[in-house]
Structures are given as C-alpha cells and as structure tokens.
Chemist: 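Quick one: the structure is below, questions incoming.
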Amino acid sequence: MKRLMNPHADDGRNHTVTVTTDDQQRQVEDELVQTVLASFRNTPDPRLKQLMEALVRHLHAFLREVRLTEAEWQHAVDFLTAAGHITNDNRQEFILLSDVLGASMQTINMNNEASAGATEATVVGPFFVEGSPEIPLGGDMAFGAPGEPCWVEGTVTDTDGNPVPGTRLEVWEADEDGLYDVQYDDGHTAGRAHLYTDDRGRYAFWGLTPTPYPIPHDGPVGRLLEETGRSPLRASHLHFMATAPGLRTLVTHIFVEGDQLLDSDAVFGVKDSLVKRFERQAAGTPTPDGRDLSGQSWSRVRFDIVLLPEPSPGRSK
Ligand code: BEZ
Ligand code: FE
C-alpha cells in the first residue's frame, strides 16, 4: 500500500491517504469472488451448485472486464425492474431479452443438436398459448385473421422414415398486420390451432402467408434495440410444435425463401434447413381442396417434419 499526500487537504497539515496498487485492488476483487463462490459450497443439489458457481465466476468477470460503474449498475437494475413491470400473462419481457441476446437460440442449439436428418428446432417466442382450437385436416387456422391464405401440407415421420400418425401439431402465426391474437384488444382467438396427422402421418391446413413483424418493442427491450441500432423485425415465419408419444417434442418455425430479413432476424432464429419455398398462386388458381377464395391470391408450402426419438433414460437430453 502506498501512502501519499492528500491533495484535497486544505488545513495546511500533513494528511496522508491510502492508495491501493493495482495488485492490491486485484486481490480485493479476487477475494470477493472467492468469498461469494464459497457461500454456495453447501448447496445440496450439485447441478444448482455448478450453475451458481459458474454464474458468479462469469458475472464477476464481466463486471471486472468492463469496470462497471455504480451508475451503470443502477441503470441495469432499473432496466430489469422495467422488464418486470411490463411483464404480464400476455407479455414476457424476460423471454424477449433472452431472445435478443441470442441466449434462447444458443440454449436451443445446445439441446437440439442437428442429427439423423431430424428437423431443426428454433425459438418458441412469447406467443404460444395453451388451449388452441382443434381444426380438422385441411381446416383453417386463420379464423378470420387478415392475410393471404396459405395451404400448408407435409408429413411427420421418425428418423427411420416411419410415418407418425396422431402427431399433435400446434401452429400459430402473426396476421398480415404483424399481430398475434393475444395482441388484439378484444382478445379473440385467431391465427392459431392444433390438428393431428392422419394414419399415414400426413397433415394439411390453411394458414396465412407469413409476413415480417416486429417483436414487441414498446418496452425496455425495444429501447435497448433502439440504443444499439438494431431492428426489432423478425423474418416472416409460421410456428409449429409437434408432439407424439415416444418422440421428442419439436418446437420450430418455417421461414419464407427470399425474405430480406433472413439474415437479420431480431432473435437469431433462422436456420437454413427451415427456409421453405412458398409458391405464390395467382388469384383464380384452383385450390388443393376446392376452397373458394373469392378471387384472392394464395400460396402453398410443403414442410415435412422428422422427429427424433425421446432421449433414453439416464441421458440428460
Ligand atoms: C415470435 O416468433 O413469435 C417471437 C419470437 C421471439 C421474440 C418475439 C416473438
Ligand atoms: Fe412469431
């Protein structure tokens, strides 16, 4: 420790102040990290212990790397407080935060290794809602939501190529104004449904040709995007969740070939294998099921889904 004259003393006496060297400062900081780590040493659950210890190490490394100021720390607390205040049953600002930081997608990448030709997973997003209406094969999940009709068809198979009859498919998407039904003022259900594959693993339904839309950006996450010069827009997509006994549940979307936003999706959700050709059909083109679209144009897309086996017991995934 060095002892120096206090430059701020104005009473003419020889005051000294204690100044720590870089080494001493580092030691103080290191000691705190070790003390905090030690506070978790009796955690009974080994996984929780591992998570907390790694969190402490990385968090302190971040704080020390950027030399966080107290004002910045307060700003971060205010940000998280605002994220809490705006969160409710229909708005999940913490998922959004995880999404725009790439944390959601990285967690999915680590837990859904592309394997055996299985369909790749991507983010679930905040707009999945339990209890969607059931539609029959060939039914319409738009329920009046505005947009261009889109015929979606495909199969569900396992990784050996066997069809998977009775797979429950949840499908949901934004309307052409970029809104999910949960964002409508009157809260009516539209743009979401579930259906089941037939005895040959086939499915088909009417949805909407996906269009780009911004993630909710009127809260703290939106301000973060603005302050960092990032766009809130998501590449156009249609969400799927496929569930079948004995097979791993898949949460994914399909994206639209040629969409300008494929390389700049706000939540890093695009995977090449999920980009599909939506074939545009001029008004008047006969529809696959004979539906009369009253002179509207429409599109069609094929999405064949391959599900992985359920992880065997004893494996973490
Ligand atoms: C979505 O695709 O619905 C979504 C995903 C992440 C953040 C916001 C929305
Ligand atoms: Fe979405």
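All residue numbers in this chain count up from 1 along the given sequence. Counting starts at 1 for both ligands and their atoms, following the listed order.
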Chemist: Salt bridge check, Arg300 against Glu153: does any charged N sit closer than 4.0 Å to a carboxylate O?
Modeler: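 Judged by the 4.0 Å cut-off on N to carboxylate O distance, Glu153 and Arg300 do form a salt bridge.
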Chemist: Roughly, to 10 degrees, what angle do Tyr213 atom OH and His237 atom NE2 form around the Fe ion (ligand 2)?
Modeler: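 So the angle at the metal works out to 90°.
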Chemist: Consider ligand 1: state whether an atom of it lies below 4.0 angstrom from any non-hydrogen atom of Phe128.
Modeler: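 Distance cut 4.0 Å: Phe128 fails for ligand 1.
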Chemist: Could you label the plane-to-plane angle of the Tyr213 and His237 rings as parallel, tilted or perpendicular, counting under 30° as parallel and over 60° as perpendicular?
Modeler: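 Taking His237 first and then Tyr213, their aromatic rings sit tilted (interplane angle of 30° to 60°).
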Chemist: Does Glu310 pair with Arg248 as a salt bridge, N-O distance under 4.0 Å?
Modeler: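 Judged by the 4.0 Å cut-off on N to carboxylate O distance, Glu310 and Arg248 do not form a salt bridge.
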Chemist: Using a heavy-atom cut-off of under 4.0 Å, does the side chain or the backbone of Leu96 touch ligand 1, or both, or neither?
Modeler: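 The side chain, only.
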Chemist: Given Pro126, Ser98, Ala174, Pro216, identify the one with the heavy atom nearest to atom 9 (C) of ligand 1.
Modeler: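 Among Pro126, Ser98, Ala174, Pro216, the closest heavy atom to atom 9 (C) of ligand 1 comes from Pro126.
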Chemist: Please state which part of Phe268 comes within less than 4.0 Å of ligand 1, counting heavy atoms only: side chain, backbone, both or neither.
Modeler: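 Within the 4.0 Å criterion, Phe268 makes no contact with ligand 1.
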Chemist: In the protein, which heavy atom is nearest to atom 7 (C) of ligand 1, and how far is it?
Modeler: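 Protein heavy atom at minimum distance: Asp99 OD2, 3.1 Å.
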Chemist: Can a salt bridge be assigned to the pair Glu170 and Arg192 using a cut-off of 4.0 Å between side-chain N and carboxylate O?
Modeler: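 Looking at Glu170 and Arg192, the cut-off is not met.
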Chemist: Flag the pair Glu53 and Lys49 as a salt bridge only when some basic side-chain nitrogen lies within less than 4.0 angstrom of an acidic carboxylate oxygen.
Modeler: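 Looking at Glu53 and Lys49, the cut-off is met.
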Chemist: I'd like to know if Asp140 and Arg291 make a salt bridge, using a cut-off of under 4.0 Å between side-chain N and carboxylate O.
Modeler: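 Salt bridge flag = yes for Arg291 with Asp140.
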Chemist: His239 to ligand 1: N or O pair under 3.5 Å?
Modeler: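 Yes.
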Chemist: May I ask you to say whether Asp218 pairs ionically with Arg91, meaning some side-chain N is under 4.0 Å from a carboxylate O?
Modeler: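 Salt bridge: yes.
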Chemist: What protein heavy atom lies closest to atom 3 (O) of ligand 1? Include the residue and the distance to one decimal.
Modeler: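 For atom 3 (O) of ligand 1, the nearest protein heavy atom is Tyr213 OH, 2.8 Å.
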Chemist: Could you tell me, atom by atom, which parts of ligand 1 come under 4.0 Å of a heavy atom of Arg234?
Modeler: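 In order of number, 1 (C), 2 (O), 4 (C), 5 (C).
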Chemist: Just verifying a value: how many Å separate Leu238 CG and Glu173 CD, rounded to the nearest 0.5 Å?
Modeler: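 Answer for the CG-CD pair, Leu238 versus Glu173, is 4.5 Å.
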Chemist: Run the salt-bridge test on Asp30 and Arg26 with the 4.0 Å N-O cut-off and return the result as yes or no.
Modeler: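 Salt bridge between Asp30 and Arg26, a charged N being under 4.0 Å from a carboxylate O: no.
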Chemist: Looking at Ile215, which atoms of ligand 1 are within less than 4.0 Å of one of its heavy atoms?
Modeler: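 Near Ile215, the atoms of ligand 1 are 7 (C), 8 (C), 9 (C).
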Chemist: Report, in ascending order of atom number, the atoms of ligand 1 lying under 4.0 Å from any heavy atom of His237.
Modeler: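 In order of numbering, the contacting atoms are 1 (C), 2 (O).
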Chemist: Return yes when at least one N/O/S atom of His253 is nearer than 2.8 Å to the Fe ion (ligand 2), and no when none is.
Modeler: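 Of the N, O and S atoms in His253, none lies under 2.8 Å from the Fe ion (ligand 2), which means no.
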Chemist: Calculate the angle formed at the Fe ion (ligand 2) by OH in Tyr180 and NE2 in His239; 10° precision is enough.
Modeler: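 That angle is 90°.
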Chemist: Enumerate the atoms of ligand 1 whose separation from the nearest heavy atom of Gly125 is less than 4.0 angstrom.
Modeler: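 That gives atoms 4 (C), 5 (C), 6 (C) of ligand 1.
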